[in-house]
Amino acid sequence: MKRKYMAALAATAMVFAMPFAAMAGEWKTNDIGAWWQEDDGSYPVASWKWIDSDEDGMGECYYFDEEGYLVAGMMTPDGYMVDADGAWTEDGTVRTKDMTQIANTVASDETSVDESNSNSWGSGEITVTVDKFMENMYVLDEPRTRAYLFVGEDKALLVDTLMADDQVTELVRTITDLPIEVVVTHGHPDHIGGIGAFDSCYINEKDASMLPEGIATQLLSEGDRIACGEFDFEVIEIPGHTEGSIALLDRSHGILITGDSVQPGPIIMTGENVSMQEYADSMNKLLGYADDVTYIFAGHHEYPSPVEYIQYAYEDALAYLNGELTGTPLTMMGAENMLYQGAHVSFLLDQ
């Protein structure tokens, strides 16, 4: 078996050794958030960047998410804190760097800067990796989301569909020419983005309204089964993140696919029809299946996660419901939210 760590996180870990500095460019904003745009129109994605915003010669380091937007007021995916303005901090102090030193380094070694830009996803391009995790199971992974492909004798099963610009059918066709059936774990855009390439999909009834028009639905409910070759998935309803969130359990392989519901976080609990109480109840329900689970496959973060994350999610959800977690204000994607960090799992809620 084989696991590939998300390329975006590997890139951010390198950036402190090979500074990626802003020598030209400007801040841009829209109704979603802020980003840094270079003079050539490119922008940093899933990476860090030193920027001298006030042109005083000293730069601050900022992290930009998988869509290129500034992350502020939280911990970044690689474990560093950024303040409300998005600047990297340690022990509450903003870290700075003499930008004239970086300028001299850039001027003397243009090649190393080009490599740093590439490794830090500075072009703004998204790459999907295809990883064979076990026989007839593939992980289609990119910094914003993830999908899973299972190949049988007469058909393939695709769990979630990546983003619209990922051309998921072209990726699948590099693996198999078999007919493709699609099941989605829930109806959020980063899981149904590529659904337009298909005529129909399996989905829980409570999330079916989130699909675009023209997609025929085959409704799933508790206990339904979806088989593909040697894989036989049982549907488990786990509302909370969305009303119609589901998990898929293949007992024979120990595989549990959880969408966005079991992962380190932040688990997004914003908008309508979300419920922390239902989420906690769903995690308690999943604990009843833990003995049959070896691998947890989520829609984000490192994969697979250990089965202990079911217990972690349940305990931290209870801690939130019992008022034991302190919220930190966070602006993400233009919305004012609160981030609650538990012992292992974090949750993002509306203010």
Side-chain angles (χ1 to χ4, degrees), residues 140 145-150 155-164 168 180-228 231-251 253 255-263 265 267-290 292-293 295-300 303 305 309-310 313-314 317 347-348:
L140 282 57
T145 187
R146 184 179 300 133
Y148 299 98
L149 180 70
F150 300 88
K155 69 177 181 181
L157 180 68
L158 180 66
V159 180
D160 292 338
T161 64
L162 301 179
M163 304 290 282
V168 68
I180 306 167
E181 289 187 350
V182 177
V183 57
V184 294
T185 58
H186 62 290
H188 281 163
D190 56 332
H191 294 261
I192 65 168
I195 198 68
F198 305 95
D199 295 326
S200 65
C201 72
Y202 291 94
I203 191 171
N204 184 269
E205 180 178 11
K206 292 179 180 178
D207 275 12
S209 62
M210 303 170 78
L211 293 171
E213 294 183 3
I215 305 297
T217 57
Q218 301 176 68
L219 301 180
L220 294 172
S221 58
E222 182 77 18
D224 286 345
R225 307 191 82 88
I226 302 176
C228 180
F231 300 94
D232 184 8
F233 290 101
E234 176 183 348
V235 175
I236 306 169
E237 294 184 349
I238 51 169
H241 176 65
T242 67
E243 285 188 301
S245 288
I246 62 170
L248 299 171
L249 173 63
D250 179 286
R251 298 174 190 266
H253 295 86
I255 294 171
L256 182 68
I257 301 176
T258 59
D260 287 352
S261 295
V262 183
Q263 57 186 14
I267 295 172
I268 308 300
M269 302 293 292
T270 62
E272 299 179 355
N273 302 320
V274 300
S275 168
M276 281 297 294
Q277 183 61 62
E278 286 192 337
Y279 176 84
D281 293 342
S282 293
M283 296 304 100
N284 189 34
K285 177 182 179 179
L286 282 183
L287 285 173
Y289 296 88
D292 294 313
V293 178
Y295 311 105
I296 294 177
F297 291 95
H300 306 277
Y303 68 87
S305 297
Y309 262 93
I310 302 174
Y314 176 56
F347 305 97
L348 189 72

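Only a predicted model underlies this, so the values are computations on that prediction, with no experimental measurement involved.
- Side-chain N or O atoms of Glu234 include none that pairs as donor or acceptor with a backbone N or O of Leu249 at under 3.5 Å.
- Between the side chain of Ser200 and the backbone N or O of Ala216 there is no donor-acceptor pair closer than 3.5 Å.
- Taken from CG in Asp281 to OH in Tyr314, the straight-line distance is 7.5 Å, to the nearest 0.5 Å.
- A donor-acceptor pair under 3.5 Å is absent between the side-chain atoms of Ser245 and the main chain of Pro239, judged by distance alone.
- Of all non-hydrogen atoms in Ile236 and Lys285, the two that sit nearest each other are CG2-CE, 3.7 Å.
- Considering CG of Asp207 and CD1 of Ile192, their distance stands at 8.5 Å, rounded to 0.5 Å.
- Of the residues Asp190, Asp160, Thr185, the one that meets the side-chain contact (heavy atoms from CB on, under 4.5 Å) test with Asp260 is Asp190.
- Taking the charged nitrogens against the carboxylate oxygens, Arg225 and Asp232 do have a contact shorter than 4.0 Å, which makes a salt bridge.
- Annotation: side chain of Tyr202 is not in contact with side chain of Leu248 (no heavy-atom distance under 4.5 Å).
- Applying the ring-ring contact (aromatic ring centres under 6.0 Å, His included) test between His253 and each of Phe231, Phe297, Tyr295 identifies Phe231 as the sole match.
- Between atom NE2 of residue His241 and atom OG of residue Ser275 there is a gap of 13.0 Å, rounded to the nearest 0.5 Å.
- Atom CD1 of Ile238 and atom CD1 of Ile310 lie 9.0 Å apart (nearest 0.5 Å).
- Between Ala317 and Tyr279, the shortest heavy-atom distance links the atoms CB-CD2, 3.8 Å.
- Shown here for Thr258 and Val262, the closest heavy-atom pair between the two residues is OG1-O, 3.5 Å.
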Full working for side chain to side chain contact (heavy atoms under 4.5 Å, CB included) between Phe150 and Ile257: CA-CA 12 Å; Phe150 300 88; Ile257 301 176; 3.8 Å; yes
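- For Glu205, the CD atom counts as loosely surrounded, since its 6.0 Å shell holds 12 or fewer non-hydrogen atoms of other residues, nucleotides or ligands.
- Between Phe198 and Leu158, the closest side-chain pair of non-hydrogen atoms falls below 4.5 Å.
- His186 and His191 have tilted rings, their planes meeting at an angle from 30° to 60° on a 0 to 90° scale.
- Of all non-hydrogen atoms in Thr161 and Gly193, the two that sit nearest each other are OG1-N, 3.5 Å.
- The heavy-atom pair separating Cys201 from Val184 by the smallest distance is SG-CG2, 4.5 Å.
- Rounding to the nearest 0.5 Å places CD1 of Ile203 at 8.5 Å from CG of Leu220.
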Test log, rule side chain to side chain contact (heavy atoms under 4.5 Å, CB included), inputs Thr145 and His300: CA-CA 6 Å; Thr145 187; His300 306 277; 4.2 Å; yes
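- The two residues Ser261 and Ile267 make their nearest non-hydrogen contact at O-CD1, 3.5 Å.
- Distance SG/Cys228 to CG/Leu149: 8.0 Å, rounded to 0.5 Å.
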